[in-house]
2 protein chains.
Amino acid sequence: MQNSEAMALSAALLATAGELTQRINEGVVARGFEGIRPAHGFAFARLAPDGATVTELAVHLGVTKQAASQLVDEIVRRGYAERRPHPRDARARLIVLTERGWACTRAAEAAAAEVVRGWGDVLGEREVRALWDCLSRIAPYGPLRPSW
Amino acid sequence: MQNSEAMALSAALLATAGELTQRINEGVVARGFEGIRPAHGFAFARLAPDGATVTELAVHLGVTKQAASQLVDEIVRRGYAERRPHPRDARARLIVLTERGWACTRAAEAAAAEVVRGWGDVLGEREVRALWDCLSRIAPYGPLRPSW
DNA sequence: GGCAGATGGTCAAGTAGGTTGACTATATAG
DNA sequence: CTATATAGTCAACCTACTTGACCATCTGCC
């Protein structure tokens with residue numbers, strides 16, 4: 001594959017990612033969750049299963065723990081999460097989603113599904129699954145980083 | 001497709017996009033072009049064919065023209081582009097890439113090709129082309145926006 | 001048990017990249 | 001020729017992040 005083709009593929013991927021992010025965020029806001037930025041969604045994804053500490057969140061998001069702490073302040077202030085004492089470590093606090101936080105997460109999933117459904121209309125269900133399969137195999141495991 | 005599946009697909013796409021952006025940027029820096037951020041690359045893409053005005057660049061990047069003007073200041077100061085009088089409009093200036101700007105663009109293409117080659121090792125050339133095809137069909141035309 | 005160093009978290013100050021608002025110069029419509 | 005729209009810049013501010021300093025608590029080792 002030529003360099004210019006690789007660049008065209010990259011551009012298509014990044015444009016699609018940007019559009020997806022924006023539309024998920026719009027969908028979440030449209031469902032009544034205000035003061036939410038895309039970064040919050042990625043935090044929610046890490047908090048969802050069992051909660052996490054600020055430091056774990058910072059690693060996941062690829063930012064300093066100070067920045068993560070500040071982000072937690074925001075989502076706590078808006079009622080999406082709460083800080084609880086950590087069961088094993090008195091220094092740490094376990095950040096867990098509130099019911100409102102879970103509702104917001106479900107709203108994000110619904111918004112994502114809406115966008116993906118649009119892709120299905122263009123590509124067909126079969127190709128969307130093929131796309132998912134390809135991306136799963138090349139997606140990195142590390143921290144989520146902003147696209148630019 | 002279930003909501004949770006759509007979210008998993010979205011997460012894979014965004015993680016891949018973030019990784020791609022980061023690695024292209026690292027590749028460009030490794031090739032000796034310093035003081036470059038990912039946003040500059042997207043500006044270069046718009047400037048490459050025939051140049052563009054600050055306002056056109058602002059629309060392409062999805063930012064205010066003041067922000068675009070500031071970004072142009074940076075790439076001009078670093079020798080990647082220059083401001084010329086616009087051939088048809090004395091108010092406007094045409095921003096065009098310098099030879100160094102073109103070299104940087106080629107470096108970005110080479111870096112992108114390197115990443116895509118890694119995908120080829122995992123998926124096979126055939127699947128990478130299928131991925132490209134899918135993404136081309138769902139990628140939006142509008143301004144490029146940051147993923148978050 | 002007790003001490004030294006590592007780790008979790010926060011506070012404070014600084015920075016970078018964006019925004020809004022105001023302004024000048026030039027273009028365009030009537 | 002005048003009135004309005006557009007290209008670009010300057011200045012002030014805002015927000016999300018960084019670095020540096022600090023305290024509380026955990027862990028390894030004597």
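Every chain is numbered from 1 and lettered A, B, ... according to where its sequence line falls, protein lines coming before strand lines.
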Next item on the list: Select base, sugar-phosphate, or nothing to describe what A/Ala92 touches, counting heavy atoms under 4.0 Å on all strands.
Entry: sugar-phosphate
Margin query: Students often get this wrong, so: under 4.0 angstrom with heavy atoms, is A/Thr64 touching a base, only sugar-phosphate, or nothing?
Written below: base
Notebook entry, point to check: Looking for any heavy atom pair under 4.0 Å, which part of the strands does B/Ala90 touch: base, sugar-phosphate only, or nothing?
Noted result: sugar-phosphate
Next item on the list: Report the distance from atom NZ of B/Lys65 to atom P of C/dT20, rounded to the nearest whole Å.
Entry: 12 Å
Check: Does B/Arg88 have a side-chain nitrogen or oxygen under 4.0 Å from the phosphate oxygens OP1 or OP2 of C/dT28?
Finding: no
Show which side-chain atoms of residues 48-62 of chain A pair as donor or acceptor with protein atoms under 3.5 Å away, not counting sequence neighbours.
unit_1: A/Thr53; atom_1: OG1; unit_2: A/Glu56; atom_2: N; d: 3.2
unit_1: A/Glu56; atom_1: OE1; unit_2: A/Thr53; atom_2: N; d: 2.9
unit_1: A/His60; atom_1: NE2; unit_2: A/Phe42; atom_2: O; d: 3.3

Notebook entry, point to check: Start at the 5' end of DNA chain C and walk down; is the nucleotide closest to A/Thr55 or to B/Gln70 reached first?
Noted result: A/Thr55
Item checked: Any B/Arg37 side-chain nitrogen or oxygen under 4.0 Å from OP1 or OP2 of C/dG17 -> yes
Notebook entry, point to check: Given atom CG of B/Leu71 and atom C1' of C/dA16, what is their separation to the nearest angstrom?
Noted result: 12 Å
Notebook entry, point to check: Between the side-chain atoms of B/Gln66 and the base atoms of C/dG17, is any donor-acceptor pair under 3.5 Å?
Noted result: no
Notebook entry, point to check: Does a donor on one side chain and an acceptor on the other come within less than 3.5 Å for A/Gln22 and A/Glu26?
Noted result: yes
Which donor-acceptor pairs under 3.5 Å do the side chains of residues 100-107 of chain B make with protein atoms, sequence neighbours left out?
unit_1: B/Arg100; atom_1: NH2; unit_2: B/Tyr80; atom_2: OH; d: 3.2
unit_1: B/Thr105; atom_1: OG1; unit_2: B/Gly101; atom_2: O; d: 3.0
unit_1: B/Arg106; atom_1: NH2; unit_2: B/Glu99; atom_2: OE2; d: 3.1

Notebook entry, point to check: Rounding to a whole Å, what distance do you find between B/Ile95:CD1 and D/dA7:C1'?
Noted result: 11 Å
Check: How long is the line joining CG of B/Asp89 and C1' of D/dT6, in whole Å?
Finding: 8 Å
Next item on the list: In whole angstrom, give the distance that lies between atom NE2 of A/His86 and atom P of C/dT7.
Entry: 16 Å
Margin query: At less than 4.0 Å, is any side-chain N or O atom of B/Ser69 found next to OP1 or OP2 of D/dT9? Yes or no.
Written below: yes
Checklist line | Candidate nucleotides C/dA6, C/dT10, C/dT26, ranked by approach to the side chain of B/Arg91 - the nearest | finding: C/dT26
Check: Picking from B/Val115, B/Val128, B/Asp133, what satisfies side chain to side chain contact (heavy atoms under 4.5 Å, CB included) with A/Leu9?
Finding: B/Val128
Item checked: Contact nearer the 5' end of DNA chain D, comparing B/Thr53 with A/Val63 -> B/Thr53
Checklist line | Atom pair distance, as rounded to whole Å: CG in A/Leu57 and C1' in D/dC17 | finding: 15 Å
Item checked: d(CD1, A/Ile36; C1', D/dA16) in whole Å -> 15 Å
Item checked: Atom pair OG1 (A/Thr16) and CG (A/Leu131), whose distance is rounded to the nearest 0.5 Å -> 8.5 Å
Note to self: In whole Å, I'd like the distance from the CG atom of A/Leu61 to the P atom of D/dT18.
What the structure shows: 10 Å
Note to self: Nearest to the B/Arg93 side chain among D/dT18, D/dA16, D/dT9, which nucleotide is it?
What the structure shows: D/dT9
